[in-house]
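When reading the values below, keep in mind they use all heavy atoms of this one structure, side chains included, and skip hydrogens, waters and symmetry mates. A, B, ... follow the sequence lines: proteins, then strands. Residue 1 opens every chain. This one's a predicted model, so the numbers in the text were calculated from it and none came from an experiment.
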Number of protein chains: 2
Amino acid sequence: MADVADKAGVSRALVSIVFRNQPGASQETRERVLRVADEIGYRPDSAARLLARGRSRTLGVMFTVHQTFQTDLIEGIYPEAERLGYDVLLSAAVQGRSEAKAVEALLGHRCEALILLGPDADAGYLDALGQRAVTVSVSRRVPRARVDFVHSAESKGVRQAMDHLVELGHRRIVHIDGGRGPGSAERRRSYRAAMRRHGLESEIRVIPGEHTEQSGIETGRLLLAERDRGLPLPTAVLAGNDRCAMGLLMPLARAGVEVPRDLSVVGYDDSHLSHLMPIGLTTVRQDAVLMAEHAVRFAVERLENPQLEPREAVLDPKLVVRGTSGPPPGEAS
Amino acid sequence: MADVADKAGVSRALVSIVFRNQPGASQETRERVLRVADEIGYRPDSAARLLARGRSRTLGVMFTVHQTFQTDLIEGIYPEAERLGYDVLLSAAVQGRSEAKAVEALLGHRCEALILLGPDADAGYLDALGQRAVTVSVSRRVPRARVDFVHSAESKGVRQAMDHLVELGHRRIVHIDGGRGPGSAERRRSYRAAMRRHGLESEIRVIPGEHTEQSGIETGRLLLAERDRGLPLPTAVLAGNDRCAMGLLMPLARAGVEVPRDLSVVGYDDSHLSHLMPIGLTTVRQDAVLMAEHAVRFAVERLENPQLEPREAVLDPKLVVRGTSGPPPGEAS
DNA sequence: TACTCGCACTAGAGCGCGCTAGTAGAGCGC
DNA sequence: GCGCTCTACTAGCGCGCTCTAGTGCGAGTA
């Protein structure tokens with residue numbers, strides 16, 4: 001910075017002013033300073049800036065690599081953060097790197113707020129986090145924790161999907177749940193409620209699973225094994241999310257079970273992959289961009305107005321009918 | 001920190017020593033300092049620490065969200081970095097956020113080294129970057145730029161794939177290239193060379209594309225439209241990467257073209273999705289974990305020994321035969 | 001006694017910025 | 001000419017830490 005100041009023939013303070021885009025420098029000087037900085041390859045040091053200013057204007061985002069819906073969210077987070085003048089730092093939870101570790105890394109880099117995409121941690125931990133920093137949880141509801149919360153109305157999404165299937169004539173509809181995955185509990189509950197509402201209480205079946213392709217594959221194998229033992233296949237499956245639905249399709253296709261002729265499959269999320277499958281996945285769309293924008297705005301607003309209480313945003317999901325759902329076998333279409 | 005020092009009756013320097021776990025303080029004092037710090041709720045400020053120490057021990061990783069192979073790489077980067085005592089910061093290039101911006105963010109947060117996953121930037125920019133910070137490029141070769149380089153031997157991978165197809169009896173093999181995508185140029189060149197080597201020079205056809213599902217879908221539509229005009233379909237397609245291959249399968253399936261009976265498809269990368277497709281994608285495996293480890297090690301070693309010259313690691317890819325490749329139509333299997 | 005050595009600890013100079021309080025000079029009205 | 005304001009710019013402190021170069025002291029050695 002001193003080098004830039006010398007070479008541009010101004011004081012360090014003026015360079016600072018230019019880089020913060022603050023009034024107090026002529027247009028001419030501004031350009032000269034920026035040009036010199038570019039030549040030297042100078043870049044403001046955020047650590048020093050942070051130290052001097054006390055604020056980092058940085059949002060930390062914790063996500064799970066491979067969760068396609070979360071990468072969709074990230075795409076929405078960047079532009080909104082930039083619009084509001086905030087920087088974004090990403091930290092991934094992966095195999096062998098827990099959420100807590102990912103979060104510590106963010107905090108260690110002085111993020112002012114945390115945006116957690118589908119956190120798996122317990123409410124106590126999240127509440128403690130919420131006391132320490134502004135925290136937003138996306139896709140996971142955490143009652144009584146001091147965190148903002150952005151999710152979509154799982155019950156509405158599930159209801160739409162179930163109504164769609166029942167209208168097509170399905171009765172034997174099973175649900176692969178998402179285990180501890182975000183939104184799973186609500187989806188499971190809503191599935192049960194929908195079955196009861198349609199008088200299908202006796203057909204309720206929840207197969208434990210996860211939000212992964214592997215889980216879908218395993219469920220597929222399970223169902224096929226049952227069929228081979230003489231049990232009937234369900235006529236429709238409501239998967240925990242799109243990845244699970246995609247996994248499910250693999251063993252089915254291999255075994256010659258045709259979708260949707262023999263079996264209908266509905267996913268959840270409408271992640272960017274779901275319309276890329278051979279016949280397009282019928283799924284429940286959550287608007288990732290909108291969710292991302294809400295999350296960023298919640299964080300920033302609470303940062304700039306600390307007495308604000310955490311809020312909750314519930315967005316409406318929407319069923320997207322594509323190629324994997326149709327009338328059950330035995331019914332004319 | 002001063003408060004802790006006062007209350008514990010020592011100097012700030014000693015508190016610093018205690019918190020850095022360095023020799024130079026008695027066990028007794030150590031405990032007293034830690035106890036007092038805990039009472040006050042003192043935590044070292046990493047921004048100040050960073051500033052004072054001059055080293056951040058942080059690696060910055062630039063990646064493209066949605067490139068599944070890159071997320072596979074990220075999974076490999078974390079554990080290796082942790083093993084070597086380095087922190088990792090992620091920055092994504094997305095629509096509307098260029099690579100340069102993503103890199104600036106990393107540099108601004110004082111990353112000591114940059115690991116760029118499949119960078120798209122030109123050699124001049126990368127060289128400039130390499131002068132300024134230790135830089136590693138993964139999957140993209142940048143001749144004469146001051147960067148380390150980790151990639152796999154594209155020519156070997158393509159040759160294996162092509163030999164496989166030719167052995168099966170294919171002659172009309174087209175290649176969807178990856179445009180400016182990492183490795184595309186080499187793959188394209190190797191495809192041409194392999195065709196010539198097999199005496200198929202007259203059959204060479206490279207369809208321009210990208211490393212996206214969308215590109216595969218468009219190519220599929222193009223080929224189908226040609227077929228409808230009476231032109232023959234190719235019997236095999238070597239896609240630019242797995243995503244492109246997956247996209248290609250969609251319009252084919254819709255149009256009733258059966259894979260691999262009517263058409264063989266080979267991908268590239270073996271990203272974690274390729275074995276999750278209905279019939280498993282035949283593809284060229286690049287070992288993401290190994291590549292990630294090399295990248296981290298290159299960065300760290302050059303950081304700790306600055307007179308080291310940038311190096312290059314070329315890993316051997318390996319063809320993985322799954323369900324999308326078979327003999328061409330008209331040949332007995 | 002005089003010395004060296006090692007240990008526990010301290011003083012104080014930065015690290016690269018932001019920010020407050022200030023100055024110099026131009027322009028203006030009276 | 002004077003005082004005033006406004007713009008463009010500067011000096012220098014301080015953010016919370018690390019690190020170098022010390023000081024003081026007791027034990028061991030000649």
J.: Starting at atom CZ of B:Arg57, determine the distance to atom C1' of D:dT18, rounded to an integer number of angstrom.
T.: 15 Å
J.: Are B:Arg49 and B:Arg20 packed together at the side-chain level, in the sense that at least one heavy-atom pair is separated by less than 4.5 angstrom?
T.: yes
J.: Base, sugar-phosphate alone, or nothing: which one does B:Gly54 contact when heavy atoms must sit under 4.0 Å apart?
T.: nothing
J.: Roughly how far apart are B:Arg311 CZ and B:Glu301 CD, rounded to 0.5 Å?
T.: 4.5 Å
J.: Going by ring-ring contact (aromatic ring centres under 6.0 Å, His included), name the pairs with one or both residues in residues 12-36 of chain B, residues two or more places apart or in two chains.
T.: B:Phe19-B:Tyr42
J.: Which listed nucleotide (D:dC9, D:dG16, C:dA11) is nearest to the side chain of A:Leu51?
T.: D:dG16
J.: If a protein heavy atom is under 4.0 Å from the base, mark B; if only from the sugar-phosphate, S; if neither, -; do that for nucleotides 17-22 of chain C going 5' to 3'.
T.: BBB---
J.: Do A:Gln70 side-chain atoms and A:Thr64 backbone N/O form a donor-acceptor pair below 3.5 Å?
T.: yes
J.: Under the rule for side-chain hydrogen bond (donor to acceptor under 3.5 Å, both in side chains), what residues qualify as partners of A:Arg141, not counting sequence neighbours?
T.: A:Glu312
J.: Are A:Ser26 and D:dT7 close enough that a side-chain N or O sits under 4.0 Å from OP1 or OP2?
T.: no
J.: So what does the secondary structure string of DNA chain C come out as, 5' to 3', with Watson-Crick or wobble pairs under 3.5 angstrom, [ ] for crossing and | for pairs with another strand?
T.: ||||||||||||||||||||||||||||||
J.: How would you list, by chain and number, every residue that makes a side chain to side chain contact (heavy atoms under 4.5 Å, CB included) with B:Arg132, sequence neighbours excluded?
T.: A:Arg43, B:Glu104, B:Leu107, B:Leu129
J.: Between atom CG in B:Leu14 and atom P in D:dG24, what is the gap in whole Å?
T.: 17 Å
J.: Calculate, to the nearest 0.5 Å, the distance between atoms CG and NE2 belonging to A:Leu290 and A:His294 respectively.
T.: 5.5 Å
J.: I'd like to check the side-chain hydrogen bond (donor to acceptor under 3.5 Å, both in side chains) partners of A:Asp87; sequence neighbours left out, ordered by chain and number.
T.: B:His109
J.: Provide, to the nearest angstrom, the distance between the CD atom belonging to A:Gln27 and the P atom belonging to D:dC9.
T.: 11 Å
